[in-house]
Amino acid sequence: MIKIKNLNKKFGNNEVLKDINLEIQKGEVVAIIGPSGSGKSTLLRCMNLLEIPTKGQVIFEGNDLTHKGIQLDQLRQKIGMVFQNFNLFPHKKVKDNIILAPKLLKKRELNKLNNQALELLEKVGLKEKAEVYPSQLSGGQKQRVAIARALAMQPDVMLFDEPTSALDPEVVGDVLKVMKDLAKEGMTMVVVTHEMGFAKEVSDKVIFMADGVVVESGKPNELFEHPQNERTQNFLARVL
Amino acid sequence: MKYIIKVFLVFIILVGSLLTNTQNNTHAEENDEHWKKIKESGVLRVGLSADYAPMEFEKNINGKTEYAGVDIELAKKIAKDNHLKLKIINMQFDSLLGALKTGKIDIIISGMTTTPEREKEVNFTKPYMMTNNIMLVKIKEKSHLKDIKDFKNKRIAVQKGTDQEKIAKTEIENADVTSLNKLPETILSVKSNKADGAILEKPVAEAYIKQNPELAFSDVTFNEEKKPTCIALPKNSPILLKKLNQTIDEVNDKHLIDQYMTQASKDMQDDGNFYTKYKSFFIKGIKNTILISIIGVVLGAILGAFIALMKLSKIKPLSWLASIYIEFLRGTPLLVQVFIVFFGTTAALGLDISALICGIIALVINASAYIAEIFRAGINSIDKGQTETARSLGLSYNQTMRSVIMPQAIKNILPALGNEFVTLIKESSIVSTIGVGEIMFNAQVVQGISFDPFTPLLIAAGMYFILTFTLSRIMNFIEGRMMASD
C-alpha cells in the first residue's frame with residue numbers, strides 16, 4: 001500500500017532520515033518505535049508529504065507522491081492522519097469538525113454525512129458530545145474526535161503520530177481501545193508510539209529507528225523477545 | 001546638436017510672439033475680440049478666490065452657498081451697467097492669472113493689487129480701492145504698543161510668503177517673526193498670546209476686529225506705500241478696459257465701496273448663530289471624512305489581504321516585494337505619501353485626477369500596508385497544526401485558508417482592523433492639505449469666513465471624537481458577540 005524507497009530528509013544540514021526503505025501492506029498494523037529525535041515522526045509525516053523528502057520516493061497505491069504535478073490533495077483524502085496535539089478546529093462543533101472536510105470535498109450528501117458523523121461518534125463513544133465545542137472536551141475525548149474526523153474521509157490507511165503522548169495516563173486506554181477496534185476491522189495503520197504494550201499486542205510489524213535509520217524490524221514477539229541489534233537491546237532495556 | 005535645436009526653437013517662439021503681438025496691437029483699437037465674445041454670450045465670467053473676506057467669501061443662505069463681499073458687489077454693478085449676466089468662478093488665487101490668459105474667465109476681481117510681474121501678464125483698470133497693512137494687537141496691549149519701536153524684540157505673526165512677512169522682517173527691529181500657512185492662524189496666535197501682533201491688510205483686519213472684540217489696531221504705521229487694488233483683464237481689450245473704467249469712475253465718485261463694505265460686513269455676521277451659519281460646511285466635511293475613511297478601510301483591507309498573502313507566499317520574490325511595500329509605506333509619513341500621489345499623478349504620470357481621488361488613493365495605499373501586517377499577524381497566530389490537519393484531510397490551500405484558518409484568524413484581525421479604521425478617520429485629516437473637503441479642510445474654511453479662528457477647531461475635534469468613539473463602541477459590541485460563540 002505504501003512503499004518508501006531511498007528516502008532522505010534534511011533540515012538544513014541536519015540529516016534526519018537516511019536512506020529509508022520500507023513497505024506497508026494492506027491491512028497491516030505497523031508500529032514505529034525508537035528514542036526521541038530518531039526521525040520516526042518525520043518519517044510518518046513524509047508518508048502524506050506534510051514533510052517534503054529531500055530525496056527518494058513515497059509510493060502510495062501505485063502513485064509517487066514526490067512526483068511533481070501529482071494530485072496530492074486527492075491522494076491525501078485516502079490517507080488519514082491523527083496528531084499528537086489533536087488539532088481539532090476550535091471554531092467548529094464536534095460534529096462539524098467531522099463533516100467539514102467531506103462536506104467541502106462533496107464526498108456525500110449532507111444528511112448522509114451527518115448520519116455518518118453520528119455513527120463515528122458512537123464508535124468512539126462520544127455520541128452525546130456531537131453539539132459541543134472542542135474547548136469543552138478533555139484531551140482523551142479530543143483525540144477520539146480527531147480519529148473520528150480522520151475516519152470520516154473513509155481513508156485506506158491511517159497514520160498516527162504519537163496519538164497518546166499528550167494525554168493524561170488515565171485516558172490513554174480509551175484512545176488505545178478505539179485504535180485496537182480499528183485494527184480489528186482490518187484498517188491499515190502506521191503508528192508512531194511510545195506505548196510498547198500497544199505495539200506488542202496490536203501490531204503486525206514493529207520498526208525500531210535510531211538516528212534516522214531503520215535499525216531493526218520484525219514481528220513484535222521476535223523484536224521484543226529477541227532483539228538482534230545492540231541498540232535495540234539497549235532501548236528496550238530502558239523502556240520495558 | 002540638441003543645443004542648436006533648442007536655440008532655434010527659442011528664436012522661433014520669440015519671433016512668433018513678437019509678430020502676434022504687433023498684429024494684435026494694430027487690430028486692437030478698432031477690434032476687441034474679448035469684448036465681442038462677452039457681448040455675444042451675454043455672460044460676464046468673473047474669476048476670484050472666495051477665501052478673502054470682506055472682499056469675497058462664501059456665505060450660506062438656506063443651506064445654499066452664495067458669494068458675497070465688496071468685489072462681488074462691484075462685479076454685480078459692472079454686469080448691470082453693461083447688461084450682462086454675471087457668472088462667478090471660484091478658484092485658487094494663484095490659478096487666476098492662468099485662467100484669464102487661457103480664456104477660462106473674462107476678468108479677475110479678487111482684491112488683486114498691481115505688481116510689475118502681474119502687469120507683464122495682464123492689464124489692470126484704474127484702482128477701485130487703496131489698501132495698506134496694519135498691525136493687529138490685543139486691545140489691552142494697545143496703549144503700550146503704539147510705535148514701531150515698541151515692537152522691538154516682539155513676536156510677530158504673518159502669513160507665509162506675503163508682503164506682510166517682508167514688512168515684519170525689514171521694518172521692525174529684531175522681530176521674532178512666525179510665518180504661518182493660513183491667515184486665521186496668525187489671528188489665533190495673537191488671541192492665544194503666542195504672538196504680540198499680526199500684520200495684515202486693513203479691510204481684512206477690520207473684519208476680524210468686528211468678530212473678535214478683544215482685538216484692535218495698533219497705531220503703528222509702516223513705511224510702505226498704499227497699494228492700488230484693481231480689476232485684471234486680458235491685454236489688448238481696449239473696449240472692455242473702457243467699460244470697466246467707466247464703472248470704476250462712478251463707484252469712486254459716489255463712494256460706493258464704503259457702501260459695499262457695510263453690506264459685506266452685514267453679510268458676514270447676519271442670520272443666526274455660528275451653528276446655523278456654518279452647519280452645512282461641517283456636514284459636508286463629515287460626509288467626506290466618512291466616505292474617505294470607509295473607502296480607505298474597505299479597499300485598504302482588500303489590498304492589504306492580497307499583500308499579506310503575498311508576504312506569506314512560499315514564492316520568495318513575491319514575499320520580498322510585499323515586504324518592501326509594507327516597510328516603505330510604514331516607514332514614510334502619510335503626509336509625504338499624500339503629496340507624492342497628488343503631485344506624482346500629474347508630474348510623473350500626466351494624469352488629471354481630482355484631489356479627492358488622490359487623497360483616497362494615498363489613504364488606501366497607506367492603510368493597506370498596516371492592514372497587511374494585521375492580516376499576517378492574525379494568520380500567523382493560528383497554530384501550524386490547524387493547517388497541517390486540514391491539508392492532511394485533503395483540503396486544498398485555498399479551502400484550508402477559507403474554512404479553517406480565516407474564520408479563526410478573523411477574531412484576532414477584527415479588533416486590530418477596528419483600531420486601524422479609527423486611525424484612518426483621524427489621519428484622513430491630512431488630505432485637507434491637498435484641498436480635499438473633509439472635516440479639517442472645512443474647519444479651516446470656516447476659520448477664514450467666520451473670523452473666529454478657534455471655534456471651528458473645537459467643532460472639528462468634537463466631530464472626529466464622535467466618529468471614532470461611535471466606531472469603537474460598535475467594534476466592542478461586535479467583539480463581544482464573537483467572544484460569545486467560543
Side-chain angles (χ1 to χ4, degrees), chain A residues 41 44-52 71-93 96-107 132-136 142-143 145-161 166, chain B residues 301 305 308-309 312-320 374-418 475-486:
Chain A
S41 279
L44 192 78
R45 288 160 61 83
C46 280
M47 290 185 193
N48 66 354
L49 242 66
L50 278 186
E51 296 297 351
I52 296 160
Q71 297 286 347
L72 192 56
D73 290 338
Q74 279 181 24
L75 291 166
R76 273 176 177 158
Q77 295 175 20
K78 295 274 137 207
I79 310 173
M81 187 158 192
V82 174
F83 297 82
Q84 184 177 352
N85 294 318
F86 337 126
N87 296 342
L88 293 186
F89 306 135
H91 61 300
K92 295 279 185 192
K93 288 176 179 171
D96 297 326
N97 257 276
I98 295 171
I99 64 175
L100 179 116
K103 193 168 103 186
L104 277 175
L105 298 166
K106 301 196 173 63
K107 285 281 133 188
V132 305
Y133 281 97
S135 56
Q136 290 164 271
K142 280 181 188 164
Q143 193 60 298
V145 172
I147 293 171
R149 178 176 63 183
L151 290 173
M153 290 301 293
Q154 301 183 323
D156 294 341
V157 59
M158 286 283 282
L159 309 178
F160 291 86
D161 189 4
Chain B
L309 289 178
L312 291 167
S313 166
K314 287 210 176 76
I315 305 163
K316 282 278 174 269
L318 277 185
S319 172
W320 290 332
I374 290 171
F375 272 101
R376 195 180 63 87
I379 290 167
N380 277 350
S381 71
I382 306 304
D383 180 31
K384 221 175 106 210
Q386 294 284 315
T387 309
E388 287 183 346
T389 307
R391 297 308 300 273
S392 80
L393 286 164
L395 299 185
S396 67
Y397 175 79
N398 285 339
Q399 286 169 326
T400 303
M401 272 294 161
R402 218 173 29 237
S403 303
V404 177
I405 305 303
M406 283 319 279
Q408 298 181 58
I410 204 78
K411 284 183 191 173
N412 300 324
I413 290 172
L414 216 55
L417 207 56
M475 293 308 298
N476 279 354
F477 177 73
I478 294 173
E479 267 175 63
R481 291 289 294 268
M482 282 179 39
M483 289 302 155
S485 81
D486 280 351

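Per chain, numbering begins at 1; letters A, B, ... match sequence-line order. Just so it is clear, the values below take in all heavy atoms, side chains as well, and ignore hydrogens, waters and symmetry mates. If you're wondering where the values come from, they're calculated on a predicted model, not measured in any experiment.
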Q. Atom OG1 in B:T387, atom CG in B:L395: separation rounded to 0.5 Å?
A.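 One gets 10.5 Å once the value is rounded to the nearest 0.5 Å.
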**Q.** Gap separating the CD1 atom of B:I315 from the CH2 atom of B:W320, nearest 0.5 angstrom
**A.**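 One gets 12.0 Å once the value is rounded to the nearest 0.5 Å.
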Q: Apply the side-chain contact (heavy atoms from CB on, under 4.5 Å) test between A:K142 and each candidate in A:L88, A:N85, A:N87; give the one that qualifies.
A: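 Exactly one pass, corresponding to A:L88.
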Q | Heavy-atom proximity to chain B below 4.5 Å, by part of A:L50 | A |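 The answer is the side chain of A:L50.
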Q: Please flag which part of A:F89 lies under 4.5 Å from any non-hydrogen atom of chain B: side chain, backbone, both or neither.
A: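 Both backbone and side chain.
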Q) If you tally heavy-atom pairs under 4.5 Å against chain B, which of A:R149, A:Q84, A:K92, A:K78 wins? A)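 Heavy-atom pairs under 4.5 Å are most numerous for A:R149.
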Q. Just checking, any donor-acceptor pair under 3.5 angstrom between side chains of A:K107 and A:Q77?
A.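 Looking only at side-chain atoms, A:Q77 and A:K107 do form a donor-acceptor pair, the distance falling under 3.5 Å.
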